[in-house]
Amino acid sequence: MLIGELSRLTRVNTHQLRYYEAQGLLEPGRGANGYREYGSDDVTTVTQIRRLLDAGLSTEEIAVLLPCASGEAPVLEPCPDLLDMLRARLRGLDDHIDMLIRTRRTLREYIEVTERRESPYADECDAEEAGDLDGAGGAGEVVGGPGEVAA
């Protein structure tokens, strides 16, 4: 099958399929006309690639995992270094999650401290909320749109 048919069957854009080839994840044959030719196994391979990408793995990591994968799920066989790589990736995710939790906690603290402080602009904010934009009240108070002045 040609790249367009593989794209339709897998719902993956042709430029992504070419990228997978450039990364060594797909190895299409070439017809006499020079066009890429894919087999039914390539449909499974593309499905595996997409699911492994969905798991947060990079194409470099997938290149290591792909020879250990079977079926569309895919099921991973315990190839050498496979579990070490997956565990390292999981540790990296855990570290990132811990950093995000610390960042969220710090941001929440800033919000709480700021909410408890009395703003030096409180009078100006109150005046704006009351419609007194110049803070003086009375004549010149803006009541409507531009050019509309209260009597």
Side-chain angles (χ1 to χ4, degrees), residues 1-122 124-134 142-148:
M1 81 182 83
L2 298 179
I3 195 167
E5 186 177 351
L6 180 62
S7 175
R8 275 190 305 282
L9 290 172
T10 59
R11 297 181 182 159
V12 173
N13 292 325
T14 57
H15 73 275
Q16 288 173 300
L17 295 172
R18 289 186 195 99
Y19 174 75
Y20 298 160
E21 179 183 354
Q23 296 297 304
L25 303 177
L26 279 177
E27 297 176 16
R30 295 283 179 166
N33 57 8
Y35 290 171
R36 292 171 178 87
E37 292 184 350
Y38 297 92
S40 59
D41 288 350
D42 292 315
V43 173
T44 301
T45 301
V46 171
T47 302
Q48 291 172 340
I49 293 167
R50 298 303 298 172
R51 291 193 175 159
L52 292 168
L53 286 168
D54 288 345
L57 299 172
S58 69
T59 54
E60 293 82 14
E61 291 166 324
I62 292 171
V64 173
L65 294 175
L66 218 46
C68 305
S70 62
E72 288 187 1
V75 174
L76 300 175
E77 298 300 323
C79 298
D81 301 326
L82 171 81
L83 289 173
D84 290 341
M85 186 184 65
L86 290 175
R87 286 184 181 116
R89 182 70 166 143
L90 184 59
R91 276 192 305 276
L93 286 172
D94 288 341
D95 291 345
H96 189 73
I97 289 167
D98 290 344
M99 187 266 313
L100 288 171
I101 289 170
R102 286 191 306 275
T103 301
R104 182 179 61 189
R105 184 180 311 121
T106 302
L107 183 57
R108 187 174 285 140
E109 288 171 2
Y110 274 113
I111 291 169
E112 290 170 357
V113 167
T114 304
E115 287 175 339
R116 286 193 301 263
R117 292 192 56 179
E118 185 166 325
S119 171
Y121 307 105
E124 291 175 25
C125 294
D126 292 342
E128 287 177 16
E129 289 175 8
D132 184 4
L133 296 181
D134 64 3
V142 176
V143 211
E148 295 181 33

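The one candidate from V75, L76, T44 that meets the side-chain contact (heavy atoms from CB on, under 4.5 Å) condition with S70 is V75. With H96 as the partner, the side-chain contact (heavy atoms from CB on, under 4.5 Å) test is satisfied by one option alone out of D94, L100, L93: L100.
Under the 3.5 Å distance criterion, the side-chain polar atoms of T47 are matched with a main-chain donor or acceptor of V43. No side-chain donor-acceptor contact under 3.5 Å links N13 to the backbone of H15. Judged by distance alone, the side chain of Q48 and the main-chain N or O of G71 form a donor-acceptor pair under 3.5 Å.
Within 6.0 Å of CD in E27 there are 12 or fewer heavy atoms belonging to other residues, nucleotides or ligands. More than 12 heavy atoms of other residues, nucleotides or ligands shown are found within 6.0 angstrom of CG on D95.
What you find for I62 and I49 is that their closest heavy atoms are CD1-O, 3.8 Å. Shortest non-hydrogen contact noted between I3 and T14 is CD1-O, 3.7 Å. Nearest heavy atoms, L86 versus L65: CD2-CD1, 4.1 Å. Shown here for Y38 and L2, the closest heavy-atom pair between the two residues is CD1-C, 4.1 Å. Across every non-hydrogen atom of P74 and R51, the tightest pair is CD-CB, 4.2 Å.
Once rounded to the nearest 0.5 Å, the distance linking CZ of R116 with CD1 of I111 reads 12.0 Å. Put simply, CG on L25 and CD on E60 are 8.5 Å apart, with the number rounded to the nearest 0.5 Å.
Between R8 and M1, the closest side-chain pair of non-hydrogen atoms is not below 4.5 Å. Between T59 and L53, some side-chain heavy-atom pair lies under the 4.5 Å cut-off. Side-chain contact check for T10 versus D42: every heavy-atom pair is 4.5 Å or farther apart. Considering only heavy atoms from C-beta on, Y20 stays 4.5 Å or farther from T45 through its side chain. Here the side chains of V64 and M85 are in contact, with some heavy-atom distance below 4.5 Å.
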Check your understanding: Going through the checks in order, is the side chain to side chain contact (heavy atoms under 4.5 Å, CB included) test met by R104 and L107?
Key -> CA-CA 5 Å; R104 182 179 61 189; L107 183 57; 5.8 Å; no
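A salt bridge links R30 with E21: the distance from a Lys NZ or Arg NE/NH1/NH2 to an Asp or Glu carboxylate oxygen falls below 4.0 Å.
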